[in-house]
Visitor: 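Okay, handing you the structure first.
The chain is numbered in sequence order, starting from 1.
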Amino acid sequence: MTTELRRLRNFIDGEFRDAADGRTTEVVNPATGEAYATAPLSGAADVDAAMAAAEAAFPAWRDLVPGERQKVLLKIADAFEARAEELIAAESENTGKPLALTRSEEVPPMVDQIRFFAGAARMLEGRSAGEYMEGLTSIIRREPIGVCAQVAPWNYPMMMAVWKFAPALAAGNTVVLKPSDTTPASTVLIAEIIGGVLEELGHPKGVFNVICGDRETGRLMVEHPVPAMASITGSVRAGMQVAESASKDLKRVHLELGGKAPVVVFDDADIAKAVEDISVAGYFNAGQDCTAATRVLVHESIHDEFVTALAKAAAETKTGQPDDEDVLYGPLNNANQLKQVAGFIERLPGHAKLEAGGHRVGEKGYFFAPTVVSGLKQEDEIIQHEVFGPVITVQSFVDEDQAVAYANGVEYALASSVWTKDHGRAMRMSKKLDFGCVWINTHIPLVAEMPHGGFKKSGYGKDLSAYGFEDYTRVKHVMTSLG
């Protein structure tokens with residue numbers, strides 16, 4: 001007997017709609033490898049409709065006093081809490097993530113982040129007035145940009161949607177958001193929740209829109225004449241394509257792209273704590289995190305001891321089905337990602353040593369074993385390129401200068417960590433490491449108040465924090481004569 005697939009739909013101007021031409025794609029649960037839904041494969045007509053709705057809603061939303069936008073966001077946060085179990089179920093089906101970890105590690109931060117930006121809405125201000133030329137007073141207005149075209153990734157579809165829409169709406173922009181074609185379910189549910197809040201409070205329906213689709217849909221959004229800003233979280237390749245497309249009409253661009261986080265462990269570090277924390281930060285979400293602790297650099301004097309302990313931790317780490325509360329992570333997101341991760345292992349150079357894992361787990365779904373690879377050189381493919389899977393590599397270094405050279409010797413620059421009891425060394429390393437975030441004796445915690453974003457090929461712009469909020473605003477100078 002064939003099970004009927006759930007039907008996901010676009011959300012445009014407060015209404016759920018199919019793609020104008022009726023095209024759909026199948027959505028697969030990565031824990032089973034089986035399709036469970038269809039989603040619209042949106043084309044130009046759908047993008048036009050969504051942009052028109054967002055454009056029409058912008059003047060009224062922009063002109064609301066900030067306190068009114070704050071009320072909307074606080075109401076959205078409350079609705080997320082009230083419907084948390086629905087969001088968790090949708091996200092787990094989207095991604096195969098463990099239900100228990102989605103409940104504890106994703107929903108509470110999401111709600112907190114929405115509430116943070118609700119507060120930020122009331123801080124939309126410029127510098128105080130002043131006279132810089134005789135007889136003239138200057139003031140600064142900080143204003144919303146306009147319609148924002150936003151593309152969220154498949155590794156954290158629900159949380160990254162929050163990182164996109166919350167600062168944009170708080171600043172007075174309107175939004176057209178596209179989830180990944182492999183993970184649209186939770187974003188469509190978010191549209192239902194936000195749409196309900198907007199309707200209840202009597203605000204324009206086109207303030208928040210969701211269209212489903214593939215890479216071509218995203219390109220149509222970015223190249224559309226209406227949006228004033230394009231924001232994407234995704235791969236370096238996707239980010240470069242967005243920047244190129246947006247350059248055609250000089251749209252503002254916000255890019256959070258790949259990472260290859262160095263984890264620098266010195267010989268005075270607490271090895272047991274470092275191994276425990278690094279294995280969690282490396283394998284959480286199957287390593288599908290741009291900040292994951294997957295590139296470890298260890299001082300040569302403790303290298304062998306560290307690798308032995310890390311391989312043991314990997315062997316004790318479990319992956320499995322979403323309803324198993326004893327697993328740290330679920331499957332890779334899709335068949336292509338499984339192929340990519342396995343390919344890195346298959347192409348390992350002869351000098352590399354597989355210390356743990358390195359293989360698929362089971363035949364159903366896209367599970368991959370916790371993996372540790374040692375004996376690697378700086379120029380090796382697996383060191384230079386993002387694996388985006390549960391694979392931790394280990395290199396050794398001889399001194400601080402070599403650690404810095406190895407750490408900075410990649411094209412990515414998103415996040416990093418340093419493990420040492422020497423405060424001076426930690427401060428030196430935090431200055432020398434060319435990454436948007438440096439953690440000391442920890443790896444991966446994020447808070448709404450602090451910025452997230454990188455340098456080099458990890459992109460530009462910040463998520464979270466007041467800095468992320470400012471990215472969704474523009475600055476206007478107003479000068480008035482006193483005569």
Side-chain angles (χ1 to χ4, degrees), residues 54 57-58 60-84 87 105-126 142-153 156-177 179 186-187 189-191 193-198 200-201 203-204 207-210 228-233 252 254-256 437 445-453 461-475:
F58 175 63
W61 184 251
R62 173 198 61 201
D63 293 343
L64 279 179
V65 295
E68 290 302 309
R69 290 200 296 272
Q70 181 189 46
K71 288 179 184 177
V72 174
L73 285 162
L74 290 174
K75 192 86 172 179
I76 291 170
D78 291 344
F80 270 49
E81 279 190 324
R83 301 183 66 175
L87 287 166
E105 303 300 321
E106 295 201 32
V107 172
M110 287 163 44
V111 171
D112 179 67
Q113 289 154 6
I114 296 170
R115 288 177 176 149
F116 171 82
F117 285 113
R122 301 184 78 153
M123 299 298 291
L124 189 61
E125 59 186 20
R142 189 171 282 280
E143 302 176 337
I145 295 170
V147 175
C148 296
Q150 301 182 318
V151 179
Y156 290 99
M158 192 163 62
M159 186 177 290
M160 294 301 99
V162 168
W163 287 22
K164 298 294 181 197
F165 78 71
L169 297 184
N173 304 286
T174 54
V175 166
V176 178
L177 174 65
S186 57
T187 312
L189 178 56
I190 285 171
I193 293 170
I194 294 178
V197 170
L198 291 169
E200 178 186 346
L201 297 180
H203 295 297
V207 167
F208 182 78
N209 308 271
V210 167
M229 179 177 183
S231 173
I232 175 177
T233 298
R252 188 180 296 194
H254 183 281
L255 303 174
E256 198 275 274
C437 175
L446 295 170
V447 292
E449 293 85 353
M450 289 293 111
H452 173 84
K462 298 296 182 185
D463 290 310
L464 303 176
S465 80
Y467 300 99
F469 178 62
E470 288 177 1
D471 278 357
Y472 285 94
T473 68
R474 65 184 190 181
V475 173

Visitor: Considering only heavy atoms from C-beta outward, does the side chain of Glu143 approach that of Thr473 to under 4.5 Å?
Guide: no

Visitor: Are Leu446 and Pro109 packed together at the side-chain level, in the sense that at least one heavy-atom pair is separated by less than 4.5 angstrom?
Guide: no

Visitor: Test side chain to side chain contact (heavy atoms under 4.5 Å, CB included) on Met158 and Thr187; report intermediate values, then the result.
Guide: CA-CA 6 Å; Met158 192 163 62; Thr187 312; over 6 Å; no

Visitor: For Ala60 versus Pro204, what's the shortest heavy-atom pair and its separation?
Guide: CB-CG, 3.8 Å

Visitor: Check whether any side-chain N or O of Asp471 sits under 3.5 Å from a backbone N or O of Lys462 as a donor-acceptor pair, and report yes or no.
Guide: yes

Visitor: According to the side chain to side chain donor-acceptor pair (under 3.5 Å) rule, which pairs have a member within residues 165-175, sequence neighbours left out?
Guide: none

Visitor: Would you say Leu87 and Ile190 make side-chain contact, with heavy atoms under 4.5 Å?
Guide: yes

Visitor: With respect to Trp163, which candidate in His452, Gln150, Gln113, Glu256 satisfies the side chain to side chain donor-acceptor pair (under 3.5 Å) definition?
Guide: Gln113

Visitor: Any side-chain heavy atom of Arg142 within less than 4.5 Å of one from Arg474?
Guide: no

Visitor: Between Tyr472 and Ser231, do the side chains contain a donor N or O and an acceptor N or O under 3.5 Å apart?
Guide: yes

Visitor: Please enumerate all residues that pass side-chain contact (heavy atoms from CB on, under 4.5 Å) together with Leu201, with sequence neighbours excluded.
Guide: Val72, Lys75, Val197, His203

Visitor: Would you say that Leu464 contacts Pro451 through its side chain, given a criterion of any heavy-atom pair below 4.5 Å between the two side chains?
Guide: no

Visitor: For the CD1 atom of Ile76 and the CG atom of Leu198, what is their distance to the nearest 0.5 Å?
Guide: 6.0 Å

Visitor: Apply side chain to side chain contact (heavy atoms under 4.5 Å, CB included) to the pair Ser465 and Glu449, showing each step before the final yes or no.
Guide: CA-CA 4 Å; Ser465 80; Glu449 293 85 353; 5.8 Å; no

Visitor: For a 4.5 angstrom cut-off between non-hydrogen side-chain atoms, does Cys148 reach Phe165?
Guide: no

Visitor: Could you walk me through whether Phe469 and Leu124 satisfy the side chain to side chain contact (heavy atoms under 4.5 Å, CB included) test, starting with their C-alpha distance in whole Å, then the side-chain angles of each, then the deciding distance to 0.1 Å, before giving a yes or no?
Guide: CA-CA 9 Å; Phe469 178 62; Leu124 189 61; 4.0 Å; yes

Visitor: Hey, are the side chains of Leu74 and Arg115 touching, using non-hydrogen atoms and a 4.5 Å cut-off?
Guide: yes

Visitor: As an exercise, state the distance from CD1 of Ile232 to CE of Met160, rounded to the nearest 0.5 Å.
Guide: 13.0 Å

Visitor: Walk me through whether Trp61 and Leu169 qualify under side chain to side chain contact (heavy atoms under 4.5 Å, CB included).
Guide: CA-CA 9 Å; Trp61 184 251; Leu169 297 184; 4.1 Å; yes

Visitor: Is it true that Arg69 and Asp63 make a salt bridge, defined as a side-chain N closer than 4.0 Å to a carboxylate O?
Guide: no

Visitor: So Thr233 and Val151, do their side chains get closer than 4.5 Å, heavy atoms only?
Guide: no

Visitor: So which atom in Val176 and which in Ala54 form the shortest heavy-atom distance, rounded to 0.1 Å?
Guide: CG2-CB, 3.9 Å

